[in-house]
Amino acid sequence: MAMNTVTNWFGNLISHPAVIVDANSVDDIVGVLKDPVTYPSPVRAVGSNHSTTPCGVADGGTLIRMKMNKILSISGNSLTVQAGAVHLDMAKALEAQKLQFYVNTEIGSLSAGSAAIAGTKDASFPGEYGQVGSYIIGVKLVLPGGDLLEVTEAGQPELMQQVRSSYGMFGIVYEVTYSIKLLTPMHVHHKTFSLEEFLSALPDLKALGYSIMYYLFPFQDKITVEFRKYNPAATGDPDRIAWSLRNHIWGTSGPKLGHDVEQNVSIPSIRYGIIDGFNATWRFQLENIVSSDNTIPGDQIIQYPPVSNDSRYTFSLFAFPEEQFPAALTDFFKFCKDYYSQKGYRSNLLYVGYRIAQDQKALLSYSWDGTVMTIDPVSTANAGWETFLDAYNQFCSERNGLPVLNQTPQLTPAILRKAYGAKLNTLDTVRKQYDPGNRLINDYFRQLLT
Ligand SMILES: Cc1cc2nc3c(=O)[nH]c(=O)nc-3n(C[C@H](O)[C@H](O)[C@H](O)COP(=O)(O)OP(=O)(O)OC[C@H]3O[C@@H](n4cnc5c(N)ncnc54)[C@H](O)[C@@H]3O)c2cc1C
């Protein structure tokens with residue numbers, strides 16, 4: 001059978017499905033699942049295909065592209081959409097009604113179907129979660145045999161917890177309901193620290209009641225922290241420049257510079273001198289311009305082009321228990337510098353991270369046991385990136401880092417098992433109840449889970 005070629009958004013993961021189906025209705029999905037002859041296994045659905053791991057790969061099988069993207073209903077505290085609706089479109093529709101998501105990820109392309117069953121991250125606000133799926137309170141799925149199933153937080157909390165980590169292996173999601181809240185003005189500011197200053201200030205910073213995200217610059221011994229807080233008392237017109245500048249640097253000009261410098265400057269000291277100079281300007285802009293008492297939370301969401309261009313970037317992620325984070329971060333700064341001096345490789349962008357609250361809403365939540373802080377390398381995948389990621393994975397696993405199945409590339413079964421242990425058995429047991437014929441599992445999950 002002739003195979004198709006489909007890549008993820010970044011372009012580094014290739015899938016060869018035998019059949020591709022654009023799902024415009026529930027019946028389209030039911031039709032696929034009921035007919036294994038025309039639509040071979042594995043059947044995988046993708047939303048925007050932004051994942052940095054092969055979680056959506058359907059080699060030799062059937063790839064369902066979720067085209068169903070309608071907003072079905074908005075009430076004062078909930079939003080119901082078809083699974084292909086994306087985060088930015090949904091946030092705009094909410095804002096028009098003076099409503100907002102709890103978690104406004106920087107990625108606008110995140111589809112509702114993916115948010116419901118896969119990992120996400122954003123810095124959490126006090127008293128709130130930082131994983132989008134934790135605010136998803138209902139999903140409707142087409143099961144592997146073609147039957148329909150509705151799962152709700154209110155009705156089946158334990159199953160909902162498992163669904164949130166099911167990665168499309170229980171069924172294909174076609175409808176999603178989010179818990180939402182009233183649109184509230186948001187303060188943001190940034191401050192830069194040395195590593196030592198940051199670690200000694202961290203207990204005080206946590207006590208201030210901000211969400212905490214950070215940009216890490218190990219080669220310059222600097223950390224720029226993004227502090228956000230809801231500010232319901234804000235008056236006047238919101239500042240719409242602050243986030244658009246951040247979004248432009250983060251989503252367009254930063255990665256484009258990394259890409260261009262990589263192509264045009266072969267001498268590493270000059271190449272990384274240019275990148276370090278750009279990063280210094282970036283820090284200055286974050287501190288001086290991305291600062292306001294009154295911004296719109298949804299303005300943080302970036303519109304990435306549907307087909308990636310020279311501004312594309314990729315990344316990885318491990319989450320560390322927050323009490324172990326200071327040691328892990330100190331080691332990480334040294335690890336990056338040692339790796340560069342020994343192997344000649346460093347990322348051509350930067351590293352970021354998020355502080356994310358304890359959260360048991362998903363079986364494979366990386367913050368199940370307590371609040372975590374993440375270390376996420378970001379790159380245009382310059383030569384040496386994959387080898388670096390193997391070393392980074394080992395480094396993080398040795399320090400009790402927890403990966404995310406759709407955002408941490410090159411995982412091994414041992415690393416995943418160390419992080420999630422018996423929870424993987426639970427997931428696989430429930431998966432088999434819904435999919436005894438292995439219609440939905442692909443090689444990526446088979447190798448890691450079973
Ligand atoms: C440039 C960039 C920036 C990013 N920024 C962030 C960020 O700020 N925060 C964050 O959390 N993540 C971020 N990510 C990661 C991204 O959010 C996740 O990988 C997310 O899963 C992408 O959503 P998607 O719709 O593209 O999912 P896909 O990659 O299409 O799918 C993810 C998984 O869900 C399954 N799936 C998708 N739809 C369905 C469905 N309807 N039914 C059943 N299974 C389904 C797929 O098979 C796959 O296993 C970023 C990624 C990139 C490339």
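Just so we're clear, the structure is a prediction, and the values are computed from it rather than from any experiment.
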Engineer: With the side chain counted from C-beta on, respond yes when I212 and V225 share a heavy-atom pair under 4.5 Å apart, and no when they do not.
Structural biologist: yes
Engineer: Do Q410 and E386 touch side chain to side chain, with heavy atoms closer than 4.5 Å?
Structural biologist: yes
Engineer: Please list all pairs meeting ring-ring contact (aromatic ring centres under 6.0 Å, His included) that have one or both residues in residues 379-399, counting only residues at least two apart or in different chains.
Structural biologist: F318-Y392, F332-F395, F335-F388, F335-F395, Y339-F388, Y345-F388
Engineer: Run the ring pair (Phe, Tyr, Trp, His ring centres under 6.0 Å) test against Y174 and tell me which residues pass, sequence neighbours left out.
Structural biologist: none
Engineer: Sorted by first residue and then second, give each salt bridge (charged side-chain N to carboxylate O under 4.0 Å, His left out) pair with at least one member in residues 105-128; sequence neighbours left out.
Structural biologist: D122-R228, E128-K181
Engineer: Under 30°, 30 to 60°, or over 60°: which ring-plane class applies to F445 and Y167, parallel, tilted or perpendicular?
Structural biologist: tilted
Engineer: Can you list the residues that meet the salt bridge (charged side-chain N to carboxylate O under 4.0 Å, His left out) rule with R446, with sequence neighbours excluded?
Structural biologist: D443
Engineer: How about I107 and Y304: do any of their side-chain heavy atoms sit closer than 4.5 Å?
Structural biologist: yes
Engineer: For residues 47-69, which residue pairs qualify under salt bridge (charged side-chain N to carboxylate O under 4.0 Å, His left out), counting only residues two or more places apart or in two chains?
Structural biologist: D22-R65
Engineer: What residues form a ring pair (Phe, Tyr, Trp, His ring centres under 6.0 Å) with F10, not counting sequence neighbours?
Structural biologist: none
Engineer: Mind telling me whether Y210 and H187 have parallel, tilted or perpendicular rings, with 30° and 60° as the class edges?
Structural biologist: tilted
Engineer: Using a 3.5 Å distance criterion without hydrogens, assess whether the side chain of T371 forms a donor-acceptor pair with backbone atoms of S367.
Structural biologist: no
Engineer: Is any NZ, NE, NH1 or NH2 atom of the basic residue among D435 and R439 found under 4.0 Å from an Asp or Glu carboxylate oxygen of the other?
Structural biologist: no
Engineer: Which atom pairs, donor and acceptor, lie under 3.5 Å between side-chain atoms of residues 198-207 and protein residues at least two apart or in another chain?
Structural biologist:
| residue | atom | partner | partner atom | Å |
| --- | --- | --- | --- | --- |
| S200 | OG | E196 | O | 3.2 |
| S200 | OG | E197 | O | 3.2 |
| K206 | NZ | E322 | OE1 | 3.1 |

Engineer: Suppose we screen for ring pair (Phe, Tyr, Trp, His ring centres under 6.0 Å). Which residues come up paired with H248, at least two apart in sequence or across chains?
Structural biologist: none
Engineer: Listing request: all salt bridge (charged side-chain N to carboxylate O under 4.0 Å, His left out) pairs with a residue in residues 395-415, at least two apart in sequence or in separate chains.
Structural biologist: D331-R399
Engineer: Within the structure provided, determine whether Y272 and F219 are in side-chain contact (heavy-atom separation under 4.5 Å).
Structural biologist: no
Engineer: Give me the ring orientation class for Y313 and W250: parallel if the planes are under 30° apart, tilted from 30 to 60°, perpendicular past 60°.
Structural biologist: tilted
Engineer: Pair S316, Q407 - check side-chain hydrogen bond (donor to acceptor under 3.5 Å, both in side chains), show working.
Structural biologist: CA-CA 6 Å; S316 188; Q407 301 196 25; over 6 Å; no
Engineer: Any chance CD of E158 has more than 12 other-residue heavy atoms, nucleotides or ligands included, within less than 6.0 Å?
Structural biologist: no
Engineer: Do L440 and I172 come close enough that some side-chain heavy atom pair is under 4.5 Å?
Structural biologist: yes
Engineer: Taking ring pair (Phe, Tyr, Trp, His ring centres under 6.0 Å) as the test, write out the residues that go with Y135, two or more places apart.
Structural biologist: Y102, Y129
Engineer: Does a salt bridge link D428 with R431, judged by any charged N lying under 4.0 Å from a carboxylate O?
Structural biologist: yes
Engineer: Start with the C-alpha gap between I302 and W243, add the side-chain angles, then the distance that decides, and say whether side chain to side chain contact (heavy atoms under 4.5 Å, CB included) holds.
Structural biologist: CA-CA 9 Å; I302 299 178; W243 289 114; over 6 Å; no
Engineer: Name all pairs fulfilling the salt bridge (charged side-chain N to carboxylate O under 4.0 Å, His left out) condition that reach into residues 266-293, sequence neighbours left out, sorted by first residue then second.
Structural biologist: E262-R271, D276-R346
Engineer: Could you note down all residue pairs passing ring-ring contact (aromatic ring centres under 6.0 Å, His included) where residues 397-427 supplies at least one of them, sequence neighbours left out?
Structural biologist: none
Engineer: Ring-plane angle category for F325 and F320, please: parallel below 30°, perpendicular beyond 60°, tilted otherwise.
Structural biologist: tilted
Engineer: Is there a side chain to side chain contact (heavy atoms under 4.5 Å, CB included) between V6 and I14 once you walk through the steps?
Structural biologist: CA-CA 6 Å; V6 177; I14 298 167; over 6 Å; no
Engineer: Give the intermediate values and the outcome of side-chain hydrogen bond (donor to acceptor under 3.5 Å, both in side chains) for residues T224 and T192.
Structural biologist: CA-CA 4 Å; T224 301; T192 298; 2.8 Å; yes
Engineer: How are the rings of Y215 and F217 set relative to one another: parallel (under 30°), tilted (30 to 60°) or perpendicular (over 60°)?
Structural biologist: parallel
Engineer: Given side chain to side chain contact (heavy atoms under 4.5 Å, CB included), test L405 with L416 step by step and report yes or no.
Structural biologist: CA-CA 9 Å; L405 277 160; L416 193 67; 3.9 Å; yes
